[in-house]
Every structure is written in structure tokens, then in C-alpha cells.
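Computed from a prediction, not measured in an experiment: that's the story for all the values here. Atoms within each ligand, like the ligands themselves, are counted from 1 in listed order. Each residue takes its place number in the sequence, starting with 1.
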Amino acid sequence: MQIPSEAGLVLRIDAKFCQVEIHGERRRLPLAGKLFEQKTHEKRPLAVGDHVLLDQTGQAIDQVLPRSSQLHRRAATEGEHQAQVLAANITHVLAVASVKSPPFQPELVDGLLAAAARERIAATLVLTKVDLAKKAAARWVSVYEHANVRVLETCTVAGKETKESLAELAELLHQNRSVLIGLSGAGKSTLLNAVVPGVTLRTGRLNHIQQGRHTTTHTELLVLPGGGHVLDTPGVRNFHLFCTGSQELQFLFPEIAARLPQCAFRSCLHNGEQDCAAQTALAAGEIPKTRYQSYLRMLADALTAENPALRSGRAPPRGGGRRRPR
Ligand SMILES: Nc1nc2c(ncn2[C@@H]2O[C@H](COP(=O)(O)OP(=O)(O)O)[C@@H](O)[C@H]2O)c(=O)[nH]1
Ligand SMILES: [Mg+2]
Ligand SMILES: [Zn+2]
């Protein structure tokens, strides 16, 4: 996509203003009222990472240019049909998850990876604090190997640094416009401080975070010396996909979709159907349990969105109703 030279890059969004990099300068600019009037399915008119144009006076943001990619989730507080765009125009998603303190949350990680896959954005799982639980780290590495996900095992504690994986992370950061996303306290800001010279983000003591205090309070796109941009985000607790169809979902879980050709039904959702190869693989330990559970939870979500009658809290139909055999 060609970005016009007069376009600015949104680095940070505050209550009434945005910080924009434009013509090599950092400016604080308001949004023109018309941006709020356009009805879209998005919660806010623009996101960090957006390319924008100014109005004729050059004093307000007037237009948001089409995005090459976006990482979005279903807005937590709004209706089901609103999306929250966490980052626009990014080329790499870094799902950051500690192996311990706070505990690894497979459903959150799987939601992030699925959202990236859906937008065809490359993704890496960054396991942090491997010094605290080496065995658990190895287990998660093997789970995500099945999913063809690149995993970096990291530790930033002085004297125990995982030099090789931190160097790989630095390389990734310099080559991409990336977003670091995961639970609060996972170690995102600490990672950036460790691998990007000159960056000193505030990091938090975990006991503060457990009381619900985030140390990274806003999302800001950092321009890295040596190339690349990175977005350090405050923590996300959950990540629900926005408007993903039940048939489309399995293709975001490569190790599950790979079984479809062997299932009895061409449209198998691997949700209790007869002769389902994915369920056989699960029973044989060839598909990790946590990945399958994440898939089933997201499937229940997708089926509910497609069939509002299910919204009363009833379980999704097992076997997915009528199926056409092969
Ligand atoms: N043991 C251990 N603690 C870490 C490591 N990385 C970060 N921490 C701690 O985890 C806490 C949260 O880190 P922070 O970077 O603020 O997390 P964020 O909310 O994801 O940005 C801090 O107290 C860090 O010192 C690590 O590799 N090992
Ligand atoms: Mg932080
Ligand atoms: Zn199946």
C-alpha cells in the first residue's frame, strides 16, 4: 500500500488528542468531529498505527487511510458487533506470556494467535520468566510446535538472561512494526527495556499488578533506534475474536484443520460429530488438550453469534446439527 508523504502516523491516543508523527515531527492533534459521525463497527474512529491525513487548516486529523492489517478483538463492554482495534498496520504480533506469575493462560494466547492468523499477520509466542518454571516452559514449547508457532523462551533476570532468544527478539523488533500483547505483569515492558538500547519503560512489581494496577497505562508506538516500531500495550485479560464464522474458525488452528480431510463429514466442526479425525487425534495426544479446549470455546462463541437463540445460555448443539456426509 502506498502511503502519501503528507500522511501522519498515530503514535498514541489520549482522551481528546492523538500524538502523531508527521514530516519527522511529533505533534499533538485533535480529531475532526466528522470522524465520530461515521458509523462503523469499530468502537473508536482510529487506532495506534493508523496513517492519517489532516484537514485544510493542518490542525486536526480528518481522514484515516485504509489499513494493511489490524489486530482487533470483540469490544468487552459494547454489543457483540463492535470491534476494538488494538493496533493498525502491524506486521508482527508478539504474544507475550509468562510461564508462571502470572500463570500461563492458554485461552488468551490462543485468542491472540487466532486473531493474528485471521489477519494473516505473522506471530511469535514469547514465553517469559522461564527462570521460574523450566519444565512448564518446555511443555508449552511442545504444545505450540504442533501449531507451527515460533516460540521464544526468555528470561531477563540479570545473570540468567537468555542471550540467544533475546537477540532473536531484538532482530524481530527491528525488522517489523510489531505489537507486544499479553497479560499485565507478563513482562512485556521489561523485555523491551532489555533488548532495545535507550528504552526505559516503567515496569511493575507483580504484587501491585495483582491488585489491578497496570504499570503501562497507555498504548504507545515507539520508534526504535536502528529500525522498526513497537507497540507496548497495557495488559489484556481476554481476547475474543470479532465476528469469526464457525466454519472459518478451525483454519486458525492449523493442527486441527489438518485433520478435516479425514473426518467423515466435509463440514465437520470437530464438535461431537461421528468419525471425527480431530477427536481421534485429541484422544491419541496428537492435538494438545488446551488448544482443543480453546477451539471449542471459540466455536461456542461463533455459533452463538450466528444463532442468537443460543444466547439464552444453552450449550451449542453437539454434532452441529445436520451434516452432509462425504
Ligand atoms: N523472574 C522473572 N521476573 C521477570 C522477568 N521479566 C519480568 N519480570 C518481572 O515481572 C514483573 C512485571 O513486568 P512488566 O515488564 O512490568 O510486565 P508488563 O505488565 O507485561 O509490562 C516485574 O516485576 C518484572 O521484574 C523474568 O524474566 N524473570
Ligand atoms: Mg508494561
Ligand atoms: Zn472432525
Side-chain angles (χ1 to χ4, degrees), residues 86 94-105 108-109 112 126-134 136-137 152-163 165-166 169 179-196 199-220 222 230-237 246-247 249-251 253 255-284 286-287 292 295-296 299 318-320 323-326:
L86 294 156
L94 294 160
V96 182
S98 43
V99 288
K100 197 178 167 183
S101 310
F104 188 90
Q105 290 193 12
L108 173 61
V109 168
L112 288 168
V126 184
L127 284 177
T128 57
K129 312 191 192 185
V130 297
D131 54 306
L132 299 181
K134 290 206 174 63
L152 292 177
E153 290 179 85
T154 66
C155 170
T156 50
V157 173
K160 296 188 205 167
E161 296 99 336
T162 50
K163 293 207 175 86
S165 61
L166 291 176
L169 177 65
V179 56
L180 286 165
I181 187 160
L183 277 178
S184 179
K188 299 178 290 297
S189 302
T190 308
L191 274 176
L192 285 183
N193 289 346
V195 303
V196 184
V199 169
T200 47
L201 296 164
R202 263 186 75 193
T203 60
R205 295 241 321 275
L206 196 60
N207 54 356
H208 289 154
I209 290 155
Q210 277 169 343
Q211 288 160 17
R213 221 187 75 178
H214 295 281
T215 37
T216 304
T217 50
H218 55 263
T219 312
E220 178 154 350
L222 302 170
V230 65
L231 198 60
D232 181 26
T233 60
V236 291
R237 288 202 186 90
S246 56
Q247 288 292 336
L249 187 64
Q250 63 177 292
F251 299 102
F253 287 76
E255 72 276 52
I256 296 178
R259 313 291 163 160
L260 183 61
Q262 276 78 51
C263 292
F265 299 103
R266 218 183 302 174
S267 57
C268 190
L269 293 177
H270 324 300
N271 181 32
E273 293 90 339
Q274 273 182 3
D275 297 325
C276 168
Q279 286 163 89
T280 310
L282 172 74
E286 291 159 14
I287 294 178
Y292 204 81
Y295 167 72
L296 286 184
L299 180 65
R318 289 184 61 82
R323 285 268 180 275
R324 211 156 12 104
R326 284 178 193 284

Under 4.0 angstrom from ligand 1, any heavy atom of [X]?
X: L183; value: yes
X: G235; value: no
X: T128; value: no

Just distances here: any N/O of [X] and N/O of ligand 1 closer than 3.5 Å?
X: T203; result: no
X: G185; result: yes
X: D131; result: yes
X: D232; result: no

If we ignore hydrogens and angles and just use 3.5 Å, is the side chain of T203 paired with the main-chain N or O of T190 as donor and acceptor?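 Flag not set: sc T203 to bb T190 has no pair under 3.5 Å.
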Looking at Q250 and R259, would you say the former's side chain and the latter's main chain have a donor-acceptor pair under 3.5 Å?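 No, Q250 side chain to R259 backbone: no donor-acceptor pair under 3.5 Å.
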Can you check side-chain contact (heavy atoms from CB on, under 4.5 Å) on L94 and L191, steps first, answer last? CA-CA 11 Å; L94 294 160; L191 274 176; over 6 Å; no
Which atoms of ligand 1 sit under 4.0 Å from any heavy atom of S184?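 Listed by number with element: 19 (O).
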With heavy atoms of T190 as the reference, note each atom of ligand 1 found under 4.0 Å away.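 Every atom of ligand 1 under 4.0 Å from some heavy atom of T190: 6 (N), 7 (C), 13 (O), 14 (P), 15 (O), 24 (C).
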Metal check, the Mg ion (ligand 2) vs S189 N/O/S, cut-off below 2.8 Å: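 Coordinating: yes.
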Just jot down the side-chain hydrogen bond (donor to acceptor under 3.5 Å, both in side chains) partners of Q274, sequence neighbours excluded, or say none.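 Result, side-chain hydrogen bond (donor to acceptor under 3.5 Å, both in side chains) vs Q274: none returned.
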Protein N, O or S atoms less than 2.8 Å from the Zn ion (ligand 3), ignoring waters?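 Sorted hits: C263 SG, C268 SG, H270 ND1, C276 SG.
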Have a look at ligand 1 and work out which part of L132, if any, has a heavy atom under 4.0 Å from it: side chain, backbone, both or neither.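 For L132, the contact with ligand 1 is made by the side chain alone.
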